[in-house]
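Below you'll find the structure, written out as structure tokens, and then a few comments.
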Amino acid sequence: MEFEKIENALKKGEGEEVRIRGWIYRKRRTGKLIFAVIRDSSGIIQTVVEKGKVSEEEFNDAKKALIESSVEVEGIIHEDERAPGGRELHVTKFRVVSFAEDFPITEHQSVEFLLDNRHLWLRSRKLTEVMKLKSEILRFIREWFHENDFYEVTPSVITMNAAEGGATVFSFDYFGQPAYLSQTAQMYLEAMIFSLERVWSLTPSFRAEKSRTRRHLIEYWHLEAEEAWVDNKKNMDLQEEMISHVCRRVAEECKPQIEFLGRKAEELKAIEPPFPRIKYERALEILREKGFEIEWGDDFGVPHERALVEEEEKPIFVTNFPVEAKAFYMKIAPDGKTVECADMLAPEGYGEIIGGSEREESIESMIERLKKDGANIENYEWYFDLRRYGSVPHSGFGLGVERLVYWIAKLDHIRDATPFPRLLRRAYP
Ligand code: 4AD
Ligand code: MG
């Protein structure tokens, strides 16, 4: 008999024989009966081991086996409303593959303890459902880019350009020369639009940010796209289509995951274009009405973004930030004091999930802004070449994949959107 996934075993009828394998999730004993809930990647099922129905040795092993022991179990399906999934397995064979030691994780443990034991805590049902959801979200993103004629490309993460500012870059010695871990693939993607026109990539990005918030990781998965012949407005159209596609597909295909996590499918189905678009100037007014003291030129922090979207049900765009608040490569708008950029803020207070912009074409303007940031202009010569040889209007954006999962899965901290979170002063395990 083949092994079945627990999910399939739970679809079998009364009296059917099945064979499963997995790990002991919970266990209790009453006299001659051992109730062992077994889990695998697809779900959990209650098994009942009865003295006399299995060999003496198997019964003793079942008695002895602690939670997280790995097992292979055969038995007969019995319909029972009280059991999780409405079925239980009456065991005829119980084989312990490996006896687990006393599992260190029990209920009510501190966040720090759970992070120290992340390699084990990944077995929890919550993290299992989040990881499945993330895998599906990545599939839907790929699907969308494929349907929209983008090429997936593979830029390097070792770079000499700190495109998002020198203050938050990790540097290291590259055979005697200083190099950085990439904060963004954007500049490499820009180089590739001249042959491929529409490109996207998924790479790790690194931010040496000293901020301890619920939505900052030191290392995260960065999904970026760049398109030739596209202005800031069209760039926003594409972003809202992509996000709506992902939300709709999650609502269609990830019901068990989102239900477990407390996200309703209807909420995701309602995420449809167009998303509201407001200018930075208007956002400042709203923030001041809400009691924030904020000056023209200040970038938004977590509290500001939360205040802007706490009552929203769909994401919003905030456009036209002041030149001094944003990166050197953003195109300066006709007003001369703002840039053609847009941040997409997720609703329910989740805040920024995408940063995008139209790209500056004037080399002088970029040099001026880079100098203010103390950058080494020489390292940008190759990038300026892109403006010298057949430059075209172009735009692009970057999405923090964990930020998207954080919002869709209604998590209370971004660390649970990634298996081994890199946080301020945490790179173990
Ligand atoms: O807004 P950012 O800094 O924009 C860029 O890097 C552009 N060069 C992207 C582009 O146009 N190709 O970062 C983009 C996104 C943010 O909106 C956020 O979702 C995510 O990356 N992000 C982070 N996610 C987790 N932890 C952090 N520390 C993040 N910093 C940025
Ligand atoms: Mg940003």
Side-chain angles (χ1 to χ4, degrees), residues 134 137 141 150 153 155 157 159 161-170 180-193 198-227 230 232 235-236 238-239 242-243 280 299-302 304-305 309 315-319 321 325-331 339-346 350-360 366 373 383 394-408 411 413-418 421-424 426:
K134 188 178 190 181
I137 286 175
I141 287 171
F150 278 79
V153 298
V157 292
T159 179
N161 304 107
E164 299 302 324
T168 63
V169 75
F170 281 104
Y180 306 125
L181 291 179
S182 173
Q183 299 164 306
T184 172
Q186 179 192 322
M187 296 167 71
Y188 297 127
L189 295 188
E190 283 187 65
M192 296 189 80
I193 61 161
R198 300 185 117 187
V199 295
W200 74 280
S201 64
L202 181 62
T203 57
S205 273
F206 302 86
R207 305 283 169 111
E209 273 161 318
K210 295 268 156 54
S211 46
R212 223 189 243 278
T213 76
R214 289 172 181 274
R215 57 173 218 203
H216 281 89
L217 290 168
I218 302 300
E219 175 185 355
Y220 68 97
W221 284 88
H222 204 169
L223 187 139
E224 294 175 272
E226 196 71 30
E227 319 105 77
V230 160
N232 194 39
N235 192 27
M236 286 188 270
L238 285 162
Q239 293 167 43
M242 181 194 74
I243 293 296
Y280 172 88
D299 201 357
F300 297 150
V302 173
H304 307 107
E305 289 178 10
V309 284
I316 70 165
F317 287 106
V318 182
T319 71
F321 279 70
K326 292 288 184 188
F328 77 95
Y329 53 71
M330 294 188 181
K331 187 183 174 74
V339 282
E340 302 286 13
C341 71
D343 279 2
M344 187 194 288
L345 311 185
Y350 280 94
E352 182 185 344
I353 53 171
I354 296 185
S357 66
E358 192 167 337
R359 314 310 189 186
E360 181 59 80
M366 289 193 282
D373 196 38
Y383 182 69
H394 63 288
S395 301
F397 62 89
L399 163 81
V401 175
E402 289 78 10
R403 291 261 180 105
L404 179 64
V405 173
Y406 170 52
W407 162 47
I408 290 183
L411 300 178
H413 197 296
I414 195 169
R415 63 179 169 236
D416 286 341
T418 201
R422 297 302 176 237
L423 304 164
L424 202 58
R426 175 176 290 279

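When a ligand or atom number is given, it counts from 1 through the structure's own listing order. Just so it is clear, the values below take in all heavy atoms, side chains as well, and ignore hydrogens, waters and symmetry mates.
- Protein heavy atom nearest atom 5 (C) of ligand 1, with residue, atom name and distance: E164 OE2, 3.3 Å.
- The R359 neighbourhood of ligand 1 comprises atoms 10 (C), 11 (O), 12 (N), with distances under 4.0 Å to a heavy atom of that residue.
- Summary of contacts: the protein heavy atom closest to atom 27 (C) of ligand 1 is L217 O, 3.5 Å.
- If you check which protein heavy atom lies closest to atom 12 (N) of ligand 1, you get E224 OE2, 2.8 Å.
- Contact annotation: E352 places an N, O or S atom under 2.8 Å from the Mg ion (ligand 2).
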Side chain to side chain contact (heavy atoms under 4.5 Å, CB included) between M236 and T319, intermediate numbers included: CA-CA 10 Å; M236 286 188 270; T319 71; 3.7 Å; yes
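- Each of the following atoms of ligand 1 lies closer than 4.0 Å to a heavy atom of F397: 10 (C), 11 (O), 12 (N).
- If you look at I354 next to ligand 1, the close heavy atoms, those under 4.0 Å, all belong to the backbone.
- Given atom 1 (O) of ligand 1, the protein heavy atom at minimum distance is E352 OE2, 3.0 Å.
- The distance between the ring centers of F206 and Y180 does not fall below 6.0 angstrom.
- The nearest protein atom to atom 15 (C) of ligand 1, hydrogens excluded, is given as G398 O, 3.4 Å; this is a heavy-atom distance.
- Here is the list of ligand 1 atoms found below 4.0 Å of a heavy atom in I353: 17 (O), 18 (C), 19 (O).
- Among protein heavy atoms, the minimum distance from atom 31 (C) of ligand 1 is reached at Y220 OH, 3.3 Å.
- Assignment of R215 to the shell around ligand 1 is supported, since a heavy atom sits closer than 4.0 Å.
- From the protein, the heavy atom lying nearest to atom 13 (O) of ligand 1 is R207 NH2, 3.5 Å.
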